[in-house]
Amino acid sequence: MLLARVAGTLVATDKEPSLEGLSFRVLSQLNTENEETGSYVVAVDAIGAGVGEVVMYATGSSARQTIATDGRPCDAVVMAIVDTWEVDGEEKYHK
Amino acid sequence: MLLARVAGTLVATDKEPSLEGLSFRVLSQLNTENEETGSYVVAVDAIGAGVGEVVMYATGSSARQTIATDGRPCDAVVMAIVDTWEVDGEEKYHK
Amino acid sequence: MLLARVAGTLVATDKEPSLEGLSFRVLSQLNTENEETGSYVVAVDAIGAGVGEVVMYATGSSARQTIATDGRPCDAVVMAIVDTWEVDGEEKYHK
Amino acid sequence: MLLARVAGTLVATDKEPSLEGLSFRVLSQLNTENEETGSYVVAVDAIGAGVGEVVMYATGSSARQTIATDGRPCDAVVMAIVDTWEVDGEEKYHK
Amino acid sequence: MLLARVAGTLVATDKEPSLEGLSFRVLSQLNTENEETGSYVVAVDAIGAGVGEVVMYATGSSARQTIATDGRPCDAVVMAIVDTWEVDGEEKYHK
């Protein structure tokens with residue numbers, strides 16, 4: 001999984017029918033120093049993550065292992081809101 | 001998922017039989033500022049996206065989770081036409 | 001999918017038994033301007049593509065969605081010979 | 001698989017329910033010289049790897065082939081603690 | 001698939017139980033000129049490839065399509081020892 005900040009939202013009316021009702025989030029990828037890397041991904045939000053929150057997302061077939069995304073053409077899913085992480089004993093982020 | 005502009009079309013007569021009837025689109029990848037990144041992918045169009053439209057596409061096994069692509073050797077699918085997205089409260093694209 | 005030129009062939013006698021009889025092609029990846037990018041992949045040829053031809057290939061689990069590659073340790077397959085593609089109304093390649 | 005040092009831990013209370021009870025590790029990727037590359041991934045720990053240990057991790061659907069991760073939205077798993085590796089007859093790491 | 005030279009071996013005693021008995025190889029990736037690219041991967045050896053041999057490896061779910069790796073948390077497998085390949089009519093490697 002990778003870390004990201006929920007940077008925004010995306011609306012798409014005309015889409016594969018199985019995606020109806022899902023929420024799309026624009027994620028700005030973070031490194032372990034809690035700095036934005038400049039990379040992004042659009043992910044389905046499986047847990048109710050708001051804009052500004054720091055989250056983890058999974059990609060590939062693993063992104064379909066939630067009730068919201070099972071069997072759908074979705075390759076990235078927000079699967080956790082991060083409370084905190086530390087690297088080498090130093091806290092790098094705290095919610 | 002990633003964002004892209006439908007840049008063009010591709011024709012391939014001689015192909016794996018299960019791909020018969022599918023439409024291929026040349027996608028030019030976009031960043032969240034709605035700028036082209038220079039990367040591309042050829043995707044199957046599952047929803048009827050025309051040249052010039054801004055879309056989302058899914059890759060990997062998730063690209064086979066549509067009726068059009070199920071069980072086919074397809075690793076990228078256009079699964080939504082984007083209406084709008086915003087980043088940090090600023091609208092970056094509007095259809 | 002990505003575009004490639006069939007640059008050459010590869011022979012491997014000592015291999016996983018399920019790969020017996022498959023043809024391996026060395027693919028040189030192309031961008032949408034029909035220029036070689038310098039990246040390559042070795043793919044199984046599912047459709048009879050000759051050296052010099054311009055093809056599309058699929059990767060990952062999608063590379064196993066052909067009769068030739070089903071259930072085999074193959075992560076790239078040539079699944080179409082390209083006739084033509086265009087970008088922004090301009091033909092970039094014609095067979 | 002890739003090599004990594006377990007650099008830290010991550011806590012996420014609000015997450016996809018199927019992830020309950022799993023331990024997340026922040027991994028700092030290593031090259032074969034046992035040097036950190038600057039890349040990271042957050043992985044589920046399937047084997048009890050502590051901070052500072054050198055491990056191997058698997059990604060993608062292969063990350064779900066453990067009892068801990070089966071059927072869960074997890075795309076990276078620590079699946080081995082490394083004792084030693086050598087390159088060109090030279091030992092590059094010893095636990 | 002990609003080309004690689006078997007650069008070394010890796011030992012991991014403490015690992016996911018399903019990996020018991022498998023041989024891990026440190027692979028140094030090759031380009032089509034038979035030059036090392038500097039990238040590496042650790043792969044399970046499904047065919048008995050020795051250090052120094054030039055091989056092909058498959059990644060992702062395709063790495064689990066061998067008897068040795070089926071159902072195991074393994075995302076890279078050596079599936080062929082290469083005899084020879086040629087690019088643009090020129091032999092680039094011969095065993």
Side-chain angles (χ1 to χ4, degrees), chain B residues 2 4-30 35-46 49-55 57-79, chain C residues 1-4 6 22 27 29-39 41 43-50 52-72 74-95:
Chain B
L2 293 174
R5 187 175 63 85
V6 181
T9 56
L10 179 146
V11 177
T13 309
D14 191 353
K15 56 181 180 283
E16 179 73 10
S18 66
L19 298 170
E20 204 59 51
L22 297 185
S23 295
F24 296 107
R25 296 286 182 262
V26 180
L27 303 185
S28 175
Q29 198 189 301
L30 298 171
E35 300 160 342
E36 309 209 1
T37 65
S39 293
Y40 83 97
V41 70
V42 181
V44 167
D45 177 16
V51 172
E53 291 200 275
V54 170
V55 299
Y57 66 97
T59 59
S61 60
S62 299
R64 300 197 310 272
Q65 310 295 314
T66 73
I67 294 170
T69 56
D70 182 38
R72 292 170 171 80
C74 159
D75 63 10
V77 72
V78 176
M79 29 62 88
Chain C
M1 284 71 71
L2 293 174
L3 302 164
V6 181
L22 297 185
L27 303 185
Q29 197 189 302
L30 299 171
N31 63 21
T32 57
E33 296 296 311
N34 193 23
E35 300 161 341
E36 309 209 1
T37 66
S39 293
V41 69
V44 167
D45 177 15
I47 53 168
E53 289 200 276
V54 170
V55 299
M56 270 200 299
Y57 66 97
T59 58
S61 59
S62 299
R64 301 198 309 273
Q65 310 296 313
T66 73
I67 293 169
T69 56
D70 183 36
R72 290 170 172 81
C74 160
D75 63 9
V77 73
V78 176
M79 29 61 89
I81 298 172
V82 177
D83 294 328
T84 182
W85 77 80
E86 60 174 51
V87 170
D88 296 328
E90 193 182 331
E91 189 177 77
K92 297 296 184 178
Y93 170 78
H94 197 98
K95 190 180 173 176

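Just so it is clear: chains get the letters A, B, ... in the order the sequence lines come, proteins before strands, and each one is counted from 1. Note that the structure is a prediction, hence the values are computed from the model and not measured.
Heavy-atom distances place the backbone of B/Ala43, and not its side chain, under 4.5 Å from chain C. Neither the backbone nor the side chain of B/Val6 comes within contact range of chain C, judged by heavy atoms closer than 4.5 Å. Heavy-atom distances place the side chain of C/Met56, and not its backbone, under 4.5 Å from chain B. Only the backbone of C/Tyr57 comes within contact range of chain B, with heavy atoms under 4.5 Å apart. Contact of C/Ala46 with chain B is made through backbone and side chain together, with heavy-atom distances under 4.5 Å. When heavy atoms are compared at a cutoff of 4.5 Å, B/Val11 approaches chain C by way of both its backbone and its side chain. Of the atoms belonging to B/Arg64, it is side-chain heavy atoms, and not backbone ones, that fall under 4.5 Å from chain C.
Heavy-atom pairs under 4.5 Å with chain B were tallied for C/Asn31, C/Asp88, C/Asp83; the largest tally goes to C/Asp83. When each of B/Arg5, B/Glu16, B/Lys15 is checked for heavy-atom pairs under 4.5 Å with chain C, B/Glu16 comes out on top. Most heavy-atom pairs under 4.5 Å with chain B: of the set C/Ala80, C/Ala63, C/Gly48, C/Ser61, this distinction falls to C/Ser61. Contact tally against chain C (heavy-atom pairs below 4.5 Å) for B/Leu27, B/Val41, B/Thr59: the top residue is B/Val41.
A distance of 8.5 Å separates OG1 of B/Thr13 from CD of B/Glu20, quoted to the nearest 0.5 Å.
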>> Pair C/Val82, C/Lys95 - check side-chain contact (heavy atoms from CB on, under 4.5 Å), show working.
In response: CA-CA 7 Å; C/Val82 177; C/Lys95 190 180 173 176; over 6 Å; no

> Where do C/Met1 and B/Asp75 land on the side-chain contact (heavy atoms from CB on, under 4.5 Å) test, with the steps shown first?
Replying inline: CA-CA 6 Å; C/Met1 284 71 71; B/Asp75 63 10; 3.1 Å; yes

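Put simply, the side chain of C/Trp85 never gets that close to the backbone of B/Gly8: no donor and acceptor are under 3.5 Å apart. When atom types are taken as modelled, the side chain of C/Thr84 and the backbone of C/His94 share no donor-acceptor pair closer than 3.5 angstrom. A distance-only check finds no donor-acceptor pair linking the side chain of B/Arg25 to the backbone of B/Val78 [under 3.5 Å].
Residues B/Leu19 and B/Pro73 meet the side-chain proximity criterion, which asks for heavy atoms closer than 4.5 Å. Counting only heavy atoms from C-beta outward, the side chains of B/Leu30 and B/Glu36 approach each other to under 4.5 Å.
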